[in-house]
Participant: 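Supplied in structure tokens, the structure appears directly below.
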2 protein chains.
Amino acid sequence: MKPKAAPLARELRDRLEGEILSGQRPPGSRLDESKLAQHFGVSRTPVREALRELAAADLVVLRPRQGAVVATVTVTQLLHMFEVMAELESFCAKLAARRMSAEERDQLLQVHEDCRELAEKGEAHAYYDANRCFHEVIYAGTHNTYLEETTRNMRNRLQPYRRFQLHHPGRTMKSWKEHRAVVDAILDGNAEAAAKAMSHHVTIQGDVFTDLISALPESYVHAMTA
Amino acid sequence: MKPKAAPLARELRDRLEGEILSGQRPPGSRLDESKLAQHFGVSRTPVREALRELAAADLVVLRPRQGAVVATVTVTQLLHMFEVMAELESFCAKLAARRMSAEERDQLLQVHEDCRELAEKGEAHAYYDANRCFHEVIYAGTHNTYLEETTRNMRNRLQPYRRFQLHHPGRTMKSWKEHRAVVDAILDGNAEAAAKAMSHHVTIQGDVFTDLISALPESYVHAMTA
DNA sequence: TTGTAAAATCTTGTATACAAGGCTGGACAG
DNA sequence: CTGTCCAGCCTTGTATACAAGATTTTACAA
């Protein structure tokens, strides 16, 4: 009935978000309204609105009278964000263990198998996508759409930085083994174990975080203010 | 040096947010761009940008080509949001118990005392504000600014609905006693106990949530879709 | 009277024009 | 040579005009 209803600004938002998340527009890069408008062949108005929405999602920073740049964070902020992320993901796993239906558990196992194949083949990039699927299945398993969205937003916000995490050789296989602990706990219906396993998987403790920080281009983070 | 730098749209955003959170503009009420522009004596442009920002904070809903309304939720969504809220607040308490400095612990005790006075006097409205302070002190105690902001946003999002919660007679005193459990645990440095006590305080389990739902005006929630 | 359909009106979406604050570069003084 | 200040330009912020979709009203027919 309604094949098209194109809110132009929304489309811009999605395209820009994609370009940011994909690393095409790295943290710190300027977002000139006029240039963007020209680039997309529209006027400044929808561009501004798209930028506002991205700013609200913390993907870009809007300094009054000084224009927009792709969000850059300090190492401290990154640490804080990972801490919240870990808690949310952990909570998702906990609820999933309690609430997943039989079909959802099957699906979880299926995605987990897909991940295994890619991990064994060492296809880091494909594993990266499959990993996202894995987490999405768990989000859905919480049966809490608000938590789902909140956690997904959190994940998106960190995406430009996580990108570097899995590219180390051997990391994918290690990641998959961590997944397995989560899957086992969820299938057992052991909520506490699931939470703990997930927390371990995405945690900043251990060497994962340090590896990540070390791998980041310097331009991705700005100097600490304190 | 720079006493004023007024980004007009920002001011609008804050004023509108205030009017929404205070209940002056209840969930479901329409937000006509032209009327708002006229009301505030500005053009539609900054109004639109303010609405976009509020929409990103989930305080208003923007249906394409159909205008903006103050966000309305289903009972299910409300339940989901309270579940996430409880987890975040609980996590804040846990971290606060581990990280609060001596000064911050003193401050917590101080605010707690203020709450006691108001609770004993039965001044529900003033207690309401003091309660917010109490939670803010705990947020600060996490030493994680990102968690702080995330939890505060979550709390704001629920504010229009929480408003009805504490107005029942005896609720303030009960709330204060729940606070006490949190304070004791934090001062003891018992992270797990603090998390549990806070979870209990803001939890949807028990009769608090049902009371809240029952007290809500019908217009505040819309019919369940399923 | 009621239902449908079309037109008028009103609202939002987009583009453009204008105003105002910040940045860059050069000139001048120390 | 270096630092400061001023002027011009460039970017963002705001207003207004125009286009397109949605709602309402009204007319007509069953």
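Numbers restart at 1 for each chain; the letters A, B, ... are given by sequence-line order, proteins then strands. Reckoned from all heavy atoms, side chains included, excluding hydrogens, waters and symmetry mates. Keep in mind it's a predicted model, so treat the numbers as computed, not measured.
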Participant: Do other residues, nucleotides or ligands put more than 12 heavy atoms under 6.0 Å from A:Q38 CD?
Facilitator: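 Check fails, neighbour count at 12 or below.
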Participant: Provide, to the nearest angstrom, the distance between the CG atom belonging to B:L36 and the P atom belonging to D:dA15.
Facilitator: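 Value for this atom pair: 14 Å.
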Participant: How many whole angstroms separate atom CD of A:Q38 from atom P of C:dT14?
Facilitator: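 Nearest whole value for this atom pair: 19 Å.
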Participant: Is the phosphate of C:dT11, meaning OP1 or OP2, less than 4.0 Å from a side-chain N or O of B:R65?
Facilitator: no
Participant: Please tell me if B:R44 has a side-chain N or O lying less than 4.0 Å from either OP1 or OP2 of C:dT12.
Facilitator: no
Participant: State whether B:Q66 places a side-chain N or O below 4.0 Å from either non-bridging phosphate oxygen (OP1 or OP2) of D:dT23.
Facilitator: yes
Participant: Between A:D114 and A:Q110, does any side-chain donor sit less than 3.5 Å from a side-chain acceptor?
Facilitator: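 Yes, A:Q110 and A:D114 have a side-chain donor paired with an acceptor closer than 3.5 Å.
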Participant: Take atom CD of B:E11 and atom P of D:dT14, then tell me their distance rounded to the nearest Å.
Facilitator: 10 Å
Participant: With nearest nucleotide decided by heavy atoms, which residue, A:G41 or B:K35, maps closer to the 5′ end of DNA chain C?
Facilitator: B:K35
Participant: Have a look at B:R155 and tell me which of B:E148, B:E136, B:E89 forms a salt bridge (Lys or Arg N to Asp or Glu O under 4.0 Å) with it.
Facilitator: B:E89
Participant: Consider side chain to side chain contact (heavy atoms under 4.5 Å, CB included). Of A:E104, A:R99, A:R105, which one does A:S101 pass it with?
Facilitator: A:E104
Participant: How many Å lie between CZ on B:R52 and C1' on C:dG13, as a whole number?
Facilitator: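 Rounded to whole Å, this separation is 9 Å.
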Participant: Taking the minimum atom-to-atom distance to the side chain of A:A9, which one of D:dG13, C:dT11, C:dT14 wins?
Facilitator: C:dT14
Participant: Tell me which nucleotide among C:dG13, D:dG13, D:dT11 gets nearest to the side chain of B:R48.
Facilitator: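 So the side chain of B:R48 is nearest to C:dG13.
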Participant: Output the rounded distance in Å from CD (A:E49) to C1' (C:dT12).
Facilitator: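 The distance from CD of A:E49 to C1' of C:dT12 comes to 10 Å, rounded to the nearest Å.
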Participant: Whether B:R30 contacts D:dT23 is assessed here as follows: a side-chain N or O lying under 4.0 Å from the phosphate OP1 or OP2. Is that the case?
Facilitator: no
Participant: Give a yes/no answer on whether the side chain of B:S43 brings an N or O atom under 4.0 Å of OP1 or OP2 in D:dA15.
Facilitator: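 For B:S43, the contact criterion (side-chain N or O under 4.0 Å from OP1 or OP2 of D:dA15) is met.
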Participant: Side chain of A:T45 only, please: which of D:dT11, D:dA15, C:dA15 is the nearest?
Facilitator: C:dA15
Participant: Select base, sugar-phosphate, or nothing to describe what A:R10 touches, counting heavy atoms under 4.0 Å on all strands.
Facilitator: nothing
